[in-house]
Number of protein chains: 2
Amino acid sequence: MDPSCSCELCELRELFVQNLDEENMEIICSGKVEKEYRTGEIIVKEGTRIQDFSYLKSGLVKLYRSDPSGREQIITIAKPMDYVSLLSVFSDKKYNYSVSALEDSVTCNLKMEDIRSLIHKDGKLALNLLGKMSRVADTIILESLEIRKKHLRGRVAYLLIYFSETVFYTKEFDLPLTRKEMAEYVGMTTENVIRTLSEFRKDGILKIYGKTIQIANMDSLRSISEFG
Amino acid sequence: MDPSCSCELCELRELFVQNLDEENMEIICSGKVEKEYRTGEIIVKEGTRIQDFSYLKSGLVKLYRSDPSGREQIITIAKPMDYVSLLSVFSDKKYNYSVSALEDSVTCNLKMEDIRSLIHKDGKLALNLLGKMSRVADTIILESLEIRKKHLRGRVAYLLIYFSETVFYTKEFDLPLTRKEMAEYVGMTTENVIRTLSEFRKDGILKIYGKTIQIANMDSLRSISEFG
DNA sequence: ACCCGGATATGATAATTATCATGACATGAC
DNA sequence: GTCATGTCATGATAATTATCATATCCGGGT
């Protein structure tokens, strides 16, 4: 039993450090399970009963919903230290979205029951979780509003900036999404995502080498995202 | 001091009933303040510091964001017993949306500090709030995804059904939104909302008398919302 | 009563976006 | 290696939606 929880960056642990004594720490950690997933693997299936409280330890995953017609909409992308099971985790018995791995990923799963009883005992932890949930929900909602009011070029620009500044912290990175997935994220068609990327390339804003994207002119991209 | 909290339907009180002893009930209720607003009045201004935990006692309000350019986007509509200050209330110090009254409304405001200290003491209350927040955030996010994938007719149909089945519980009601606000809610232009309503009227789906809407053919409307 | 501003309404046109068609290219199965 | 499948790519066209122009209607203020 390792009360330091073994995952060094673990945000959950950060929460615990502020609040939990050794005993409670052990309760959580003794039930902790890590799970590995390969790129493309499904981590959570819509409609499944929620059993774990889980967050992403490494990799990248998408949260999405799929139509009866088969079309998918990506709700958000979770990166390491984001919760995988945050939405609806404390409300319903079932996931109302699916999760799958965009890259090889490792999740950290805690027993829902342990978390519940901990919150029950420890109000400070509850406040932290409430705060965190507020932020996550807010972010998703506000981003969705932002995207909705943009035109195609603005949406693609927004997405590229998002990856560059929020996920990878560099101007050159491998796109973790296919063009189809990018389209599903920002609500447009695959063809138009491709076309828009081509335009950006022709305009010298991007350099594209297969899956690798290099943002050559961040200022232009930003201005397209905001105004164009 | 009235520990029964005077607002009979109060959902918050429902939460409390399960969890709070008389003493805690009094803490909350002694700090409780009701505020009245006239139609059109602004209840919360984006960027303001969050001071209260408040919910709607009666009336109807809209939560919305406004651009630098002046355009507004409606995030959601809160009806009695919905929280007015739910989003971001536990996370940031400032509201990132505005709230204004669509009808004459009364809010019930509790002191943030009281709620915090209560949660701190009472884990069961925290679990209830986490559950409620999950549900609210989920609903907003999923509705926004639903709306996004529909065409104009589908969006307007969706909105009308929403009012009919979720807010007013009748097929004939007074629209609490102007056409402009309807447009801001579902992400389309005012002209197209008007046009679409006219089409519905011509098709015999709606009867429109000024602000009063009567849904004459709910089946058609539903099928337009889902498929058309 | 009148005027005024905003909301409602409708048409014509322009802009945006989706759909359909086609082909190149890559990658994994065999 | 070849084949097959899916992604990437681009053009032509159709559909959808926004913009602009204009007119009517209605309620509040004087």
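Everything quoted here is computed from the prediction, not taken from an experiment. Numbers restart at 1 for each chain; the letters A, B, ... are given by sequence-line order, proteins then strands.
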Here the residues of residues 188-202 of chain B within 4.0 Å heavy-atom distance, strictly under, of DNA chain C are B:E191, B:I194, B:R195, B:S198, B:R201
Within residues 204-215 of chain A, those residues having any heavy atom closer than 4.0 Å to DNA chain C are none
Contacts satisfying salt bridge (Lys or Arg N to Asp or Glu O under 4.0 Å) that involve residues 157-177 of chain B (not counting sequence neighbours) are B:E165-B:R222
Overall bend of the helix from C:dA1-D:dT30 to C:dC30-D:dG1 (five pairs an end, 10° steps) is 40°
Could you go through residues 152-163 of chain A and list every donor-acceptor pair under 3.5 Å that involves a side-chain atom there, pairing it with any protein atom two or more places apart or in another chain?
| from | atom 1 | to | atom 2 | distance (Å) |
| --- | --- | --- | --- | --- |
| A:R153 | NH1 | A:E199 | OE1 | 2.6 |
| A:R155 | NE | A:I147 | O | 3.2 |
| A:R155 | NE | A:K150 | O | 3.0 |
| A:R155 | NH1 | A:V186 | O | 3.1 |
| A:R155 | NH1 | A:G187 | O | 2.9 |
| A:R155 | NH2 | A:R148 | O | 3.2 |
| A:R155 | NH2 | A:K150 | O | 3.3 |

Only distances under 3.5 Å count here; give the side-chain donor-acceptor pairs of residues 41-49 of chain A to other protein atoms, sequence neighbours excluded, each with its distance to 0.1 Å.
| from | atom 1 | to | atom 2 | distance (Å) |
| --- | --- | --- | --- | --- |
| A:E41 | OE1 | A:R38 | N | 2.6 |
| A:E46 | OE1 | A:S66 | N | 3.4 |
| A:T48 | OG1 | A:K45 | O | 2.4 |

Across all chains, not counting sequence neighbours, the side-chain hydrogen bond (donor to acceptor under 3.5 Å, both in side chains) partners of B:K62 are B:E181
Contacts of A:D114 meeting side-chain hydrogen bond (donor to acceptor under 3.5 Å, both in side chains) (sequence neighbours excluded), chain-then-number -> none
Its contact letters, B for base, S for sugar-phosphate only and - for none at protein heavy atoms under 4.0 Å, make nucleotides 25-30 of chain D read ------
Residues passing the side-chain hydrogen bond (donor to acceptor under 3.5 Å, both in side chains) test with B:D104, sequence neighbours excluded, are B:T39
Taken in chain and number order and not counting sequence neighbours, the residues that satisfy side-chain hydrogen bond (donor to acceptor under 3.5 Å, both in side chains) with B:S220 are B:N217
Applying ring-ring contact (aromatic ring centres under 6.0 Å, His included) to B:Y97 and not counting sequence neighbours gives B:Y95
